Protein chains: 2
Amino acid sequence: MPGPAVSIRDVASQAGVSVGTVSNVLNRPDIVAASTRNRVLAAISELGFVPNDAARQLRRGRGRTLGLVVLDVANPFFTDVAKGVEDATGAAGMAVIFCNSDGDSAKESRYLDLLEEQRVQGVLITPVDDANERLVRLRERGVLVVLLDRRSTRPDVCSVSVDDRLGGELAMRHLVEAGHRRIAFVGGPWRLEQVRDRCHGAVHALREAGLAEETLRRFETPSPTVAAGRDAASRILGLPRSARATAVFCANDLLALGVLQELTRQQVRVPEDIALVGYDDIDFAAAAAVPLSSVRQPRQRLGQTAAQLMLDEANDPENHRHKQVIFEPELVVRESSRYARTPG
Amino acid sequence: MPGPAVSIRDVASQAGVSVGTVSNVLNRPDIVAASTRNRVLAAISELGFVPNDAARQLRRGRGRTLGLVVLDVANPFFTDVAKGVEDATGAAGMAVIFCNSDGDSAKESRYLDLLEEQRVQGVLITPVDDANERLVRLRERGVLVVLLDRRSTRPDVCSVSVDDRLGGELAMRHLVEAGHRRIAFVGGPWRLEQVRDRCHGAVHALREAGLAEETLRRFETPSPTVAAGRDAASRILGLPRSARATAVFCANDLLALGVLQELTRQQVRVPEDIALVGYDDIDFAAAAAVPLSSVRQPRQRLGQTAAQLMLDEANDPENHRHKQVIFEPELVVRESSRYARTPG
DNA sequence: TCGTCGGGCTGAAACGTGTCAAGGTTATCC
DNA sequence: GGATAACCTTGACACGTTTCAGCCCGACGA
């Protein structure tokens, strides 16, 4: 049933010109005479010709696609980032191959193989771990690489990130100022740099306030998801009340929502009994049972900027200067941490 | 800097065999002698050879990618569907090109062009409107098409959907039984079939209960988003209290969350003053300010099944029977609609 | 009239792979 | 020992583009 595929050659003969001319109409319309051009265009639409990108790519060396590898599609943070990427690439007529590593480095690796076989122009990636050795190899083979939501340690690769340490500081300073002296940090897996940085920022704020590091107790989670958050909350509630944290800072909003669910289920009031601060300020944070305080990141701009950086390098590789863009996060205080704690 | 691209030919000479043999090692390893095979594999890893999928695709006619076109990436419903798709395709070594039509049919059309140029094996799509004329053309050119979350009217195209009318019925029956006699339906744009079906189902349940159709009042929204939900809620609250609905049924959870936010902001209690039922049962529904009653759909299975249907057809086009899979939704009652209304 | 110039167009050569008929080698059987 | 079969391997062609050297032809200047 699939009618015979129509190629540039069919168009050529229908229009009474050579294949070269058809190709020119497609790629450099200005150098072909108007009358010829119209004849070709007519033939194209008459035959319903659709250029074969594989052939073009084969000839040109690289294609019109780019890969986006994120840690979790189900996390609204990343879907917003993806939207930003799409904005920038759609305008440039590029296709995005969306890959979900799920925080699993084997899966990440498989996807990178796939992208390499596709000869993508470049890869925008939030790597699972720091071992970017694989990414360096990619670059050497001519695949552009931009780190997403992760600061590059190497000067020869672009990155777009948000200052996670600062974010951690903002959250923790807020809690300390409200009088909290036993605070839990919920986040993980620890191998994620974002988690570590946010925690380190929090510790820094603690020191700054002249408090002991033990003020902050860490609860590591196997994944940054709602379910893991619920689990962490029940661990926190397992402690005797006198030793229990009076505030919880979560490495992202999914965790925070999970914590909130479990606290509520166990009749612990937020923020009266335990205050709560999340991270990312996803749209659902504001709609939560108790509207969630959170550290806001410019999610969409993150994606846009990363894509733009890659497109810039693709269009003018010669005098492209690798950049490390760092955005600043912003604390949004809502119900979940609003009331100051009376010390005790 | 990008080292010279290494092709199958380089591998062949390095291993001392012909290119045909290398190709065989890659595609039908069983027909080549073990010793030769090992020699070739050694050469491959030594040279760091990565097959060029564009060339393969050019030769074979169709590639290893498939397109997924959804209405809104930011909607957790679709990200869960996408996860299902990914499960099924990842196992088959396929790449997914993720496209976001944003409910805009021009954007949808642009993406279909792109996918056609990529010579994708097939397209999984939740179309913006019913004018699937474009999709029929796609099929005629040999691109597999599976409708996603939309029932196919044509017998010659697969579809995977959930019975939206039934979903609407379930929700409405629940509200009617709780005693509500002035109910609002919030959903839109009306052009989306899902929205219409859910509404029709609701109307059906009304008739079934012997109630007048005017019992249900429709509020159309420009998009099925949180913001649109807030807006609809303030329209509902604009009515005098005596004429105002005592329950709201929303075409999806994003709308419901928006409605909930605005009701809360205007000090209207849920469910005491107004009961609320959403649709999709996204994870955030249970975590909302007031846990949301919702109609649950098997999101991930939806995606999995659609992808599987397409793979089946791709692998054995001859005796593939087009299917119309229809799942059944399920009502999940939570806080937001729990208390029966005392009539009046 | 001849030479030169340049805009438009042509035609063939790649790009990297899959496929397939044909060839070559070795084992098997009478 | 020769025929047959079984098994591997080869080499050339095709896939649909882009690119580029070169051709044709009309215009222009001398």
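Lettering of chains follows the sequences in order, A, B, ..., and the numbering in each one begins at 1. Values in this document were obtained by computation on a predicted structure and should not be read as measured data.
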| message | One character per nucleotide, please: for nucleotides 14-23 of chain D, 5' to 3', B when the base has a protein heavy atom closer than 4.0 Å, S when only the sugar-phosphate does, - otherwise. | response | BBBBBB----
Do NZ/NE/NH1/NH2 and the carboxylate oxygens of [X] and [Y] come within less than 4.0 Å?
| X | Y | value |
| --- | --- | --- |
| Lys83(B) | Asp72(A) | yes |
| Arg191(A) | Asp129(A) | no |
| Arg64(A) | Glu117(B) | yes |
| Glu313(B) | Arg321(B) | no |
| Arg134(A) | Asp113(A) | yes |
| Arg154(B) | Asp156(B) | yes |

| Between dT17(C) atom C1' and Glu117(A) atom CD, what is the distance in whole Å? |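 Going from Glu117(A) (CD) to dT17(C) (C1'), I get 12 Å.
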| field | Interatomic distance, Ile31(B) CD1 vs dT10(D) P [rounded to whole Å] | value |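 About 12 Å, once rounded to whole Å.
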| query | Between the two ends of the helix from dT1(C)-dA30(D) to dC30(C)-dG1(D), what is the bend in degrees, rounded to 10 degrees, where each end axis spans five pairs? | reply |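 Nearest ten degrees gives 50° for this helix.
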| Are Arg110(A) and Asp104(A) close enough, and set up right, to give a salt bridge (Lys or Arg N to Asp or Glu O under 4.0 Å), and what steps lead you there? | CA-CA 10 Å; Arg110(A) 280 213 312 280; Asp104(A) 174 352; 6.0 Å; no
| said: Would the distance check show the side chain of Glu86(B) and the main-chain N or O of Cys99(A) forming a donor-acceptor pair, the cut-off being under 3.5 Å? | reply: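 A pair under 3.5 Å: no.
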